[in-house]
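Here's the structure, in structure tokens; my notes come after.
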2 protein chains.
Amino acid sequence: MLAAARTAFAERGFDGATIRGIATAAGVDPALVHHYFGSKDKLFLAAVEAPADPDEVLPAVLAAGRDELGASAVRMLLSLWDGPARPAGLALIRSAVSNEWTAKLLREFLVAKVVGRVVGTLGYSDEERDARGALVASQLIGLVMIRYVLCAEPIASASHESLIAAIGPNVQRYLTGELEPPAPARPRPHPPS
Amino acid sequence: MLAAARTAFAERGFDGATIRGIATAAGVDPALVHHYFGSKDKLFLAAVEAPADPDEVLPAVLAAGRDELGASAVRMLLSLWDGPARPAGLALIRSAVSNEWTAKLLREFLVAKVVGRVVGTLGYSDEERDARGALVASQLIGLVMIRYVLCAEPIASASHESLIAAIGPNVQRYLTGELEPPAPARPRPHPPS
DNA sequence: GTCTATACGTGGATAGAC
DNA sequence: GTCTATCCACGTATAGAC
């Protein structure tokens, strides 16, 4: 049941998936879905929140040394997305793009619970942590978009090792490289005085 | 009319936008839309193909020296997306995520007409050109996702200069840096013989 | 508890009056 | 040419029989 919902949300996004379709895919009656979950929103939350617990995988990422964090993050992302977490991840992304409240869900999950926590171990100021975290997120989401959403070659079929070797160093630069703080706001054109 | 369609597709994606909504936003009758464009598909094509001519902007990107190509690409992307091309871009992305034929549209437009042509000037083999192009695309799409779709701070409000400084070098590495060719296929586990 | 029937809204698309 | 009226399919959600 939840598996069918996850699959449907992953393939068509929140707005595109239908309760009727999910119910028939699961071999049950559409009315049962409402009986169990109450609404489409709650069904989505139940389908997506189950397999997305960062506490289970973050320690493995952080176990890498400071200079291997980038490669470690890419490796974890690939092993999750090429494992059982892909439907939930696709459901989140496909839904977030056209639906405001799922976008908020993804944004907060991603920034606060995942990337922020990884960058948070590096001892930066809050501003720099958020800036570096957003840069890391941009590369990782881009990888997900190309490999799993748009399915553009050769990245869609590339091996984990080759992607880690190609992308890991770039993520590493965002994490620990020297870079001017990506100004949170416009570099004030003319200071107050 | 086309502007209203672009805006609607940009905000809600292909599936989410409605002909009725576009028509009322444009102050015309819904039936007129069908009369002029024939179908929703053709309306979408007309709305996004207009302002998406790569031939107009690519020369400016390529005018940069080989070592400034990364920064130049990021600069052009930002100036397009913070300019009049944003609605068309958002319409393409929002639609491509949940709609197969628009996904194909975006994939081919992006890989063949944009990134591929930039990397194509660098004199790599076809395989390496495609691999580097896909890596570049992953970073650029990720930037678009974070800044314009998810609107995550601080990237959403960051200045062009700071983003070019932060992301340009990473794109540059994908373009001209030393990296093993991201293997187009799985590194053959056991060759034919 | 499970499902049939249905209310109620909203799509895209079309026919035909003016 | 423009728009009213309408067809038909499909969405969420609910009421109520069994």
Side-chain angles (χ1 to χ4, degrees), chain A residues 1-50 87-88 90-106 149, chain B residues 1-50 87-88 90-106 149:
Chain A
M1 174 72 240
L2 278 181
R6 239 189 316 269
T7 306
F9 286 130
E11 287 173 351
R12 313 161 80 92
F14 180 82
D15 296 329
T18 69
I19 294 191
R20 282 162 142 88
I22 292 169
T24 58
V28 302
D29 190 274
L32 260 185
V33 181
H34 284 100
H35 222 83
Y36 279 136
F37 297 96
S39 76
K40 198 181 178 184
D41 293 22
K42 292 180 192 160
L43 171 62
F44 180 81
L45 282 180
V48 141
E49 274 190 343
L90 274 176
L92 269 175
I93 295 242
R94 285 225 156 90
S95 303
V97 165
S98 293
N99 191 286
E100 190 47 43
W101 80 268
T102 51
K104 185 173 180 181
L105 202 71
L106 174 61
V149 177
Chain B
M1 173 73 239
L2 278 181
R6 237 186 322 267
T7 305
F9 286 131
E11 288 173 349
R12 313 160 78 92
F14 181 82
D15 296 329
T18 68
I19 293 190
R20 285 166 147 89
I22 292 169
T24 59
V28 302
D29 191 274
L32 262 185
V33 181
H34 283 101
H35 224 83
Y36 279 135
F37 297 97
S39 74
K40 198 182 179 184
D41 294 22
K42 292 180 192 159
L43 172 61
F44 181 81
L45 282 180
V48 298
E49 275 191 343
L90 274 176
L92 270 175
I93 296 244
R94 285 226 156 86
S95 303
V97 166
S98 294
N99 191 286
E100 190 47 44
W101 80 266
T102 51
K104 185 173 181 181
L105 202 71
L106 174 61
V149 178

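Sequence lines set the chain letters: A, B, ... in the order given, protein chains first and strands last, and positions in each chain run from 1.
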Within residues 7-17 of chain A, residues whose heavy atoms come under 4.0 Å of DNA chain C: none
Give the rounded distance in Å between these two atoms: [atom1] of [X] and [atom2] of [N].
| X | N | atom1 | atom2 | value |
| --- | --- | --- | --- | --- |
| B:H34 | D:dT6 | NE2 | C1' | 14 Å |
| B:R20 | D:dT6 | CZ | C1' | 10 Å |
| A:D41 | D:dG11 | CG | C1' | 14 Å |
| B:L32 | D:dT4 | CG | C1' | 12 Å |

Pairwise distance [atom1]([X]) to [atom2]([Y]) - rounded to 0.5 angstrom:
| X | Y | atom1 | atom2 | answer |
| --- | --- | --- | --- | --- |
| B:I22 | B:R12 | CD1 | CZ | 9.5 Å |
| B:N99 | B:D41 | CG | CG | 8.0 Å |
| A:F37 | A:L32 | CZ | CG | 10.0 Å |
| A:E11 | B:E100 | CD | CD | 11.0 Å |
| B:D15 | B:K40 | CG | NZ | 6.0 Å |

Using chain B heavy atoms and a threshold of under 4.0 Å, write down where along DNA chain C the contacts begin and end, 5' to 3'.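 Both ends considered, the range comes out as C:dG11 to C:dT14.
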Apply side chain to side chain contact (heavy atoms under 4.5 Å, CB included) to B:K104 and list each qualifying residue two or more places apart in sequence or on a separate chain. B:R107, B:E108
Which part of the nucleic acid, if any, lies within reach of A:Y36 when heavy atoms closer than 4.0 Å are counted: base, sugar-phosphate only, or nothing? sugar-phosphate
Can you find a pair of side-chain heavy atoms, one from A:T24 and one from A:D29, that are under 4.5 Å apart?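 No, side chains not in contact.
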Please work out which of the three classes, parallel, tilted or perpendicular, describes the rings of A:F9 and A:F14, given edges at 30° and 60°.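 Parallel: the ring planes of A:F14 and A:F9 meet at under 30°.
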